[in-house]
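A quick note: this is a predicted structure, and the numbers were derived from the prediction, not measured. These numbers come from the heavy atoms of this one structure, side chains and all, not from hydrogens, waters or symmetry mates. One-based numbering, in listed order, for ligands and for the atoms of each.
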Amino acid sequence: MLTALAGGVGAARFLRGLVDVVDPDTVTVVVNTGDDDEFHGLWVCPDLDSVTYTLADAHDRERGWGLAGETFVTVDALGRFGDDTWFRLGDRDLATHLHRTERRRAGVPLHRITADIASAWGVRSRLLPMTDDRVATRITARGPDGTTEYAMQEWFVRERAEPVVEAVAFAGAADARPAPGVLEALHDAETIVLCPSNPVISIGPILAVPGIREVLVERRDRVVGVSPIVGGRPVKGPADRLMGPLGIDVSSVGVARAYRDFCSALVIDVRDAADADAVAALGVRPVVTDTLMRDARIAAALARETLAAV
Ligand code: GDP
């Protein structure tokens, strides 16, 4: 039994490697839902969908998100009416959001909808949203027109992560409950993996759901993280634009400092080998290896090393 905490694309790549080296049936993935939002009346869960599509081998490898062979006819057609089309929903992807939204409206909890979508895609691992409740990542940032509070996708996609971050909050987190199965999966896991995900807006919201961080602290010896920082920079995405302003060093040392209370080992990249001593000085055992997942073979080797670390 193994449980992973996951954001979207970075996590999905890692998990794809993981299920090559362990039986996928023994893996539970607790996924961030702080990025979830409504577009054109449809409920979209970007991280759950990235993990589902990648584990189903249905993801687009070049674009880095969404489904392979995707088209965008519908979203472009919406542009005719002057609707916002900056959030690119693919035509095939729309089916997932239509299905999810209809069931959600009928009162089915997100964990059940998630399980059914994953199973329909042939995913054998168990995917759990961190919570069935609404938690919304809110980013306060300074742009040309002053300081504004943005929804995560507004800041990241519409504004291209350009407004300078001043604060991040997870609205609703204090009253959220972990989805059924989440705490049990963390209690029972032989190993808990923090995927190479954005520490602030992918792992952060999961830890903000009351109860989750506490189990990790209790089980610290069994928790291993993989740093999303390679060569002193995020591989892709805005982690540096969030970590820096919030006082987290944009390095594997910064990740170790953020995770040290609940994580006993951190896999860091060979390009950051010089950070190993500083990570160890924080009480986190560094494991140095190639973490740049250029292909499935490297991702699988990384997964093997990660599991061996605790
Ligand atoms: P998002 O919600 O789609 O941004 O997904 P995540 O939070 O799971 O992933 C984003 C993080 O994954 C970024 O900070 C990247 O630096 C990291 N990442 C992406 N690819 C790789 C990789 O090949 N190796 C490592 N170590 N990190 C990666």
Side-chain angles (χ1 to χ4, degrees), residues 4-18 29-37 44-55 59-66 87-88 127 129-130 135 137 139 151-153 155-157 160-161 168 170 193-207 224-244 246 248-252 254-256 258-259 266-273 275 279 286-303 305-306 309:
L5 303 196
V9 173
R13 279 188 190 157
F14 174 83
L15 293 165
R16 185 61 196 80
L18 180 70
V29 189
V30 178
V31 182
N32 168 43
T33 59
D35 297 353
D36 297 7
D37 214 334
V44 179
C45 303
D47 287 353
L48 280 169
D49 292 343
S50 291
V51 173
T52 302
Y53 296 161
T54 305
L55 288 179
H59 60 300
D60 188 294
R61 289 183 175 79
E62 279 77 62
R63 198 174 46 240
W65 55 271
F87 196 77
R88 308 293 293 162
L127 303 197
M130 63 191 200
V135 173
T137 296
I139 298 186
M152 154 58 194
Q153 305 296 346
W155 175 76
F156 179 52
V157 182
R160 297 187 190 82
V168 173
F170 308 116
V193 180
L194 310 173
C195 291
S197 289
N198 189 312
V200 179
I201 55 168
S202 290
I203 302 297
I206 305 178
L207 298 171
V224 53
V226 181
S227 175
I229 302 297
V230 174
R233 281 200 305 261
V235 178
K236 63 192 288 287
D240 50 344
R241 295 178 189 208
L242 288 150
M243 295 168 73
L246 297 180
I248 307 170
D249 226 25
V250 185
S251 69
S252 292
V255 175
Y259 290 173
L266 185 69
V267 181
I268 70 173
D269 194 81
V270 282
R271 296 154 192 86
D272 304 305
D275 285 348
V279 170
V287 175
V288 181
T289 190
D290 184 5
T291 75
L292 194 58
M293 296 176 282
R294 291 173 302 269
D295 58 41
R297 200 183 43 82
I298 300 174
L302 172 60
E305 292 245 26
T306 302

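Numbered from 1 in the order shown, with element, the atoms of ligand 1 that lie under 4.0 Å from a heavy atom of S202 read 2 (O), 6 (P), 7 (O). Each of the atoms 8 (O) of ligand 1 lies under 4.0 Å from some heavy atom of G7. Distances below 4.0 Å separate heavy atoms of A239 from the following atoms of ligand 1: 14 (O).
Polar contact check, P228 against ligand 1: a nitrogen or oxygen pair lies under 3.5 Å apart. Looking at P234 next to ligand 1, no N or O pair under 3.5 Å apart turns up. Looking at ligand 1, you won't find any N or O of V226 less than 3.5 Å from one of its N or O atoms. Taking only nitrogen or oxygen atoms, main chain and side chain alike, M293 reaches within less than 3.5 Å of ligand 1. Where the criterion is an N or O separation shorter than 3.5 Å, residue side chain and backbone included, L292 fails it with respect to ligand 1.
The residue I229 has no part lying near ligand 1, judged by heavy-atom distances below 4.0 Å. With a 4.0 Å cut-off on non-hydrogen atoms, D47 touches ligand 1 through its side chain and not its backbone. Counting heavy atoms under 4.0 Å from ligand 1, residue A12 does not touch it at all. Contacts with ligand 1 closer than 4.0 Å are made by no heavy atom of R294, backbone or side chain.
Among protein heavy atoms, atom 20 (N) of ligand 1 sits closest to R13 NH1, 2.8 Å. At the top of the distance list for atom 28 (C) of ligand 1, counting protein heavy atoms only, stands V235 CG2, 3.5 Å. Nearest protein neighbour of atom 24 (N) of ligand 1, counting heavy atoms only, is T291 O, 2.7 Å. Protein heavy atom closest to atom 6 (P) of ligand 1, with residue, atom name and distance, is G8 N, 3.4 Å. Counting only heavy atoms of the protein, atom 13 (C) of ligand 1 lies nearest to K236 O, 3.2 Å. Protein heavy atom nearest atom 3 (O) of ligand 1, with residue, atom name and distance: V9 N, 2.9 Å. Annotation: atom 26 (N) of ligand 1 to nearest protein heavy atom, S227 O, 3.0 Å. Looking at atom 17 (C) of ligand 1, its nearest protein heavy atom turns out to be P196 O, 3.6 Å.
Within the structure, ligand 1 lacks C195 among the residues with a heavy atom less than 4.0 angstrom away.
The minimum heavy-atom distance between L127 and L55, with the atom names listed, is CD2-CD1, 4.1 Å. In plain terms, the two heavy atoms of I206 and V30 that are nearest each other are CD1-O, 3.7 Å. Residue L292 comes nearest to I298 through the heavy atom pair O-CG2, 3.4 Å, listed as atom of the first residue, atom of the second, then distance. The nearest pair of heavy atoms linking T289 to L302 is CG2-CD1, 3.9 Å. The two residues A12 and S50 make their nearest non-hydrogen contact at CB-O, 3.8 Å. In terms of heavy atoms, I229 sits closest to S252 at O-OG, 3.7 Å.
Heavy atoms from other residues, nucleotides or ligands lying under 6.0 Å from CZ of R63 number more than 12. Atom CZ of R294 has more than 12 neighbouring heavy atoms from other residues, nucleotides or ligands inside a 6.0 Å radius.
Proximity of V44 to F87: side-chain heavy atoms (C-beta onward) are separated by under 4.5 Å at one or more points.
The closest donor-acceptor contact from the side chain of S202 to the backbone of G7 lies at 3.5 Å or more, if one exists at all. The backbone N or O of V270 sits nowhere less than 3.5 Å from a side-chain atom of D290 that would complete a donor-acceptor pair. A donor-acceptor contact shorter than 3.5 Å links the side chain of D269 to the backbone of R271. Checked by atom type and distance alone, the side chain of D60 never pairs as donor or acceptor with a backbone atom of G66 at under 3.5 Å.
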